[in-house]
Visitor: 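Please read through the structure below; I'll follow up with questions.
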Protein chains: 2
Amino acid sequence: MVHMGGLRDSRVRSGNFMSVDNRKPLERADRVTIRTVAAHAGVSVAAVSKVMRNAYGVSDSLRAKVTGSIEELGYRPSRAARGLRGRTFTIGLLLVDIRNPFLPEVIAGVNAVLAPGHYQAMIGVGEARMQLETSLIESMIDYKMDGLILVAPRLPSEIITRFAAQIPIVAVGYHDPTADGFDTINADDQRGAEIAVESLLECGYRDIEMLSQLAREGHKVSVVRQREIGYRRAMQRAGFGSSAPITNIPLQSPRREETIRKFLTRSDRPRAIFCWSDIDAIVVMSMAAEMGVRVPEDLAVVGYDNSSTAALGLVNLASIDQSGRELGQTATRTLLSRIEGRSEAMHILQLPSLVTRRSLAG
Amino acid sequence: MVHMGGLRDSRVRSGNFMSVDNRKPLERADRVTIRTVAAHAGVSVAAVSKVMRNAYGVSDSLRAKVTGSIEELGYRPSRAARGLRGRTFTIGLLLVDIRNPFLPEVIAGVNAVLAPGHYQAMIGVGEARMQLETSLIESMIDYKMDGLILVAPRLPSEIITRFAAQIPIVAVGYHDPTADGFDTINADDQRGAEIAVESLLECGYRDIEMLSQLAREGHKVSVVRQREIGYRRAMQRAGFGSSAPITNIPLQSPRREETIRKFLTRSDRPRAIFCWSDIDAIVVMSMAAEMGVRVPEDLAVVGYDNSSTAALGLVNLASIDQSGRELGQTATRTLLSRIEGRSEAMHILQLPSLVTRRSLAG
DNA sequence: CCATTTGTGTAGAACGTTCTCCGTATAACG
DNA sequence: CGTTATACGGAGAACGTTCTACACAAATGG
């Protein structure tokens, strides 16, 4: 249903009766520009600009006059105009897709670091499509943003390097310790997987399997792959050979459930599993409940990401926490330092930790 | 106007190595501007601009030349510069906070409508703080974005109206059918609540209560309030008087759980509840499970938003679906039409539907 | 054959900043 | 007193677009 509001009013408004000039489509309120401020304060445009950027060569009295006028007129510099010459004091944040439960944490971390300063974040959502991801990065460059944080980008390293020649870039959740054009901030996914396996071993489980995800296009040394490496290493160290079993769960919906069901009914189903992500772990637990497989009595589960859903009493899933918040904070600080001029690449690894819950049968 | 000799010139220009001038701190790759394209195609800057905007007065041969050069040089217009004069072909999307599970759907809807055109969305996250929300809106205006979609903004209507004088605005999840400066797109929250109550009544429950949320500052006719109205109306229609019981669940963590626990142990605890949001419903179900209150045998639950968590087998929560995706699509189309020049306000209501699951004991 | 229209392209002024030079006034120094 | 620093403030050229106004040619009309 459609309600239209204020019909009578809008006739008057669109009548625009006071102005004969009807050529301009939208007669938005006159903008307060740096010139308005200069005139109001009785100084030059350059002077106002100096005050804004608190540059050298401004007396206290001038500063007072200008800030007074700025306050009084409610002046805000145009980011568009700034972009044409200097900094915009905006950073771009590119997310793969928003459904991933640990992204909100990253955003919160970014905002926490940015809030005290005059910087702001603009977010783009790539929806896991390389095409869209690329064009969003280009847009952010075209807006002359001061720097970019890419979270779990799908793009290959060479392309990111090429972009990094045009704008400072920090990648989060993207392993490439050899990159020298941009920085990377990661949780130590190998170590995280090891911790997960070790916790299962400590609880006495020996029959362990990993549920993973098939390789995606784009980046080859993906986060998932890192976790597989960690899993295998921990298993080998515990004496289970170098090729501990991994089952891949498809992403699309019909085959996905099918694969999980098959796994749960397998006669040689393992006693414990490590899932590359809570997203999968929770679906497995849900289907297990429906099929009468008890967690943790019949199947112990450890997930990854410590999503808010995992913490729910109904779910109670033990999970590896990689503190997205801290990842976001570190990434932001790293980006700001690069904007300030640093040119050698930094590659930071952060230590994840286990949050133990009922699915692990502490 | 200087016509440069095409390719050779540009090669010489990018061969910056002969210049000793090293004062510029960052020597980012030379940008391809509209001038580069004009020179390469051997036409004027104005001509290139015309082709870009496909304005009137361009011959086929000119167009061919220009598009050829654009292609060859990989030219992308600067959004910053565009913002200074014309459109940026970007819309701003302002979200309260990302944790709310139905926001990803809205974003997907927006992107779906935008993708075919040349428009793009930039997202800001207000984190439910009026201060941050305001400054993000201002930033988006300062970037000269073409329009704004505000999702569940906290700001009072008058302030939004004031912003709407500067930029086209569409509000989603914000009830104000009298606003004539901006458009609103909503699910019919009153009707949604009625549907929820009716479904409980149909299952035979008579002893029904609503779990709601205390009024937030900012907007008075909030979404939550609408749902309360619908709940009361449906209860009254069923013959339960005009003031059916409502319990408010606090937001902050210690008092929140405390209140829910108290509710669950109440001697006159109702047989069925309607929760204003899945967020609360799921916590109630989790705590109920821990306390031995069986859902739905002891307590039937209907939530709101049909979040992905509600759909999990472990949760299985019946919920009202308000199709965030469609909301996002409609909002985007509405905004685009306003950008095209419409000036009368539109207020659209969309019909929600019930997704029945185990918590309702179909 | 002149006047008018139509089609095509260009010049150049915005847009709102930043930032490099340059003046000028005052202070410091010899 | 002359010279040189030093502090302060301003002029004006970018930045990369859009878009109005205009020039010119060819086509049309009388």
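Per chain, numbering begins at 1; letters A, B, ... match sequence-line order. Just so you know, these numbers use all the heavy atoms, side chains as well, and skip hydrogens, waters and symmetry mates. As the structure is a prediction and not an experimental result, all values here were calculated from the model.
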Visitor: Quantify the bending of the helix from C:dC1-D:dG30 to C:dG30-D:dC1 as the angle between its end axes, each fitted on five pairs, to 10°.
Guide: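 Axis-to-axis angle, ends of the helix: 50°.
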Visitor: At under 4.0 Å, does any side-chain N or O of B:R87 touch on OP1 or OP2 of D:dT18?
Guide: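 For B:R87, the contact criterion (side-chain N or O under 4.0 Å from OP1 or OP2 of D:dT18) is not met.
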Visitor: How long is the line joining CZ of A:R53 and C1' of C:dG16, in whole Å?
Guide: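 Going from CZ in A:R53 over to C1' in C:dG16 covers 13 Å.
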Visitor: Is B:R76 touching bases, backbone alone, or none of the nucleic acid, heavy atoms closer than 4.0 Å?
Guide: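 Result for B:R76 = sugar-phosphate.
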Visitor: How long is the straight-line distance from CG of A:L94 back to CD of A:E133, given to the nearest 0.5 Å?
Guide: 5.0 Å
Visitor: Do side-chain atoms of B:S139 reach the backbone of B:I137 as a donor and acceptor pair under 3.5 angstrom?
Guide: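 Judged by distance alone, no pair lies under 3.5 Å.
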Visitor: Would you indicate whether the side-chain heavy atoms of A:I160 and A:P153 approach each other to under 4.5 Å?
Guide: yes
Visitor: Atom CG of B:L84 to atom P of D:dC15: distance rounded to whole Å?
Guide: 14 Å
Visitor: Below 3.5 Å, can you tabulate the donor-acceptor pairs from side chains in residues 121-131 of chain A to any protein atom, sequence neighbours excluded?
Guide:
unit_1	atom_1	unit_2	atom_2	d
A:E127	OE1	A:R129	NH1	3.2
A:E127	OE2	B:N111	ND2	3.3

Visitor: Which whole-number value in Å describes the distance from B:Y143 OH to D:dT17 C1'?
Guide: 17 Å
Visitor: Write down the distance between CE (A:M52) and C1' (C:dT18), rounded to a whole number of angstrom.
Guide: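 Interatomic distance, CE of A:M52 to C1' of C:dT18: 11 Å.
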Visitor: Set out, in order, the CA-CA distance, both residues' side-chain angles and the distance that settles side-chain hydrogen bond (donor to acceptor under 3.5 Å, both in side chains) for B:R338 and B:T334, then state yes or no.
Guide: CA-CA 6 Å; B:R338 190 175 263 273; B:T334 308; over 6 Å; no
Visitor: Ignoring hydrogens and angles, write down the donor-acceptor pairs under 3.5 Å from the side chains of residues 55-66 of chain A, residues two or more places apart or on other chains.
Guide:
unit_1	atom_1	unit_2	atom_2	d
A:S59	OG	A:S61	OG	3.4
A:S59	OG	A:L62	N	3.2

Visitor: Mind checking A:S49 for me? I need base, sugar-phosphate or nothing, with any heavy atom below 4.0 Å counting as a touch.
Guide: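 Since a base atom lies under 4.0 Å of A:S49, the category is base.
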Visitor: Which residues pass the side chain to side chain contact (heavy atoms under 4.5 Å, CB included) test with A:R82, sequence neighbours left out?
Guide: A:M52, A:P77, A:F89
Visitor: Hey, is the main chain of B:I70 close enough, under 3.5 Å, to the side chain of B:H40 for a donor-acceptor pair?
Guide: no
Visitor: Given C:dG16, D:dT17, C:dC19, which nucleotide is nearest the side-chain atoms of B:P77?
Guide: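 Per side-chain heavy atoms of B:P77, the pick is D:dT17.
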Visitor: Is there a donor-acceptor contact under 3.5 Å from the side chain of B:D183 to the main chain of B:M346?
Guide: yes
Visitor: Below 4.0 angstrom from OP1 or OP2 of C:dG16, is there any side-chain N or O of A:R82?
Guide: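 It does not, given that no N or O in the side chain of A:R82 lies less than 4.0 Å from OP1 or OP2 of C:dG16.
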Visitor: Using atom names, set out every protein N or O paired with an N or O of nucleotides 23-27 of chain D below 3.5 Å, distance rounded to 0.1 Å.
Guide:
none

Visitor: Distance check needed: C:dT18 P versus A:K144 NZ, whole Å only.
Guide: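 Roughly 13 Å, once rounded to whole Å.
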Visitor: Could you tell me if the side chain of B:D146 sits less than 4.5 Å from the side chain of B:T90, heavy atoms only?
Guide: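 No, too far: nothing below the 4.5 Å cut-off.
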Visitor: Can you give one letter per nucleotide of nucleotides 5-14 of chain D, going 5' to 3': B for a protein heavy atom under 4.0 Å from the base, S for sugar-phosphate only, - for none?
Guide: --SSBBBBBB
Visitor: Any side-chain N or O of A:Y75 less than 4.0 Å from the OP1 or OP2 oxygen of C:dT17?
Guide: yes
Visitor: Under 30°, 30 to 60°, or over 60°: which ring-plane class applies to B:F182 and B:Y174, parallel, tilted or perpendicular?
Guide: tilted
Visitor: Tell me if a side-chain donor or acceptor on B:R79 pairs with a main-chain N or O of B:T88 at a distance below 3.5 Å.
Guide: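 The answer is yes, because a donor-acceptor pair under 3.5 Å joins these two groups.
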Visitor: Quick one: B:R31 CZ to D:dC15 C1', roughly how many Å, whole number?
Guide: 11 Å
Visitor: For the pair made of CG in B:D142 and P in C:dG16, what is the distance, rounded to whole Å?
Guide: 12 Å
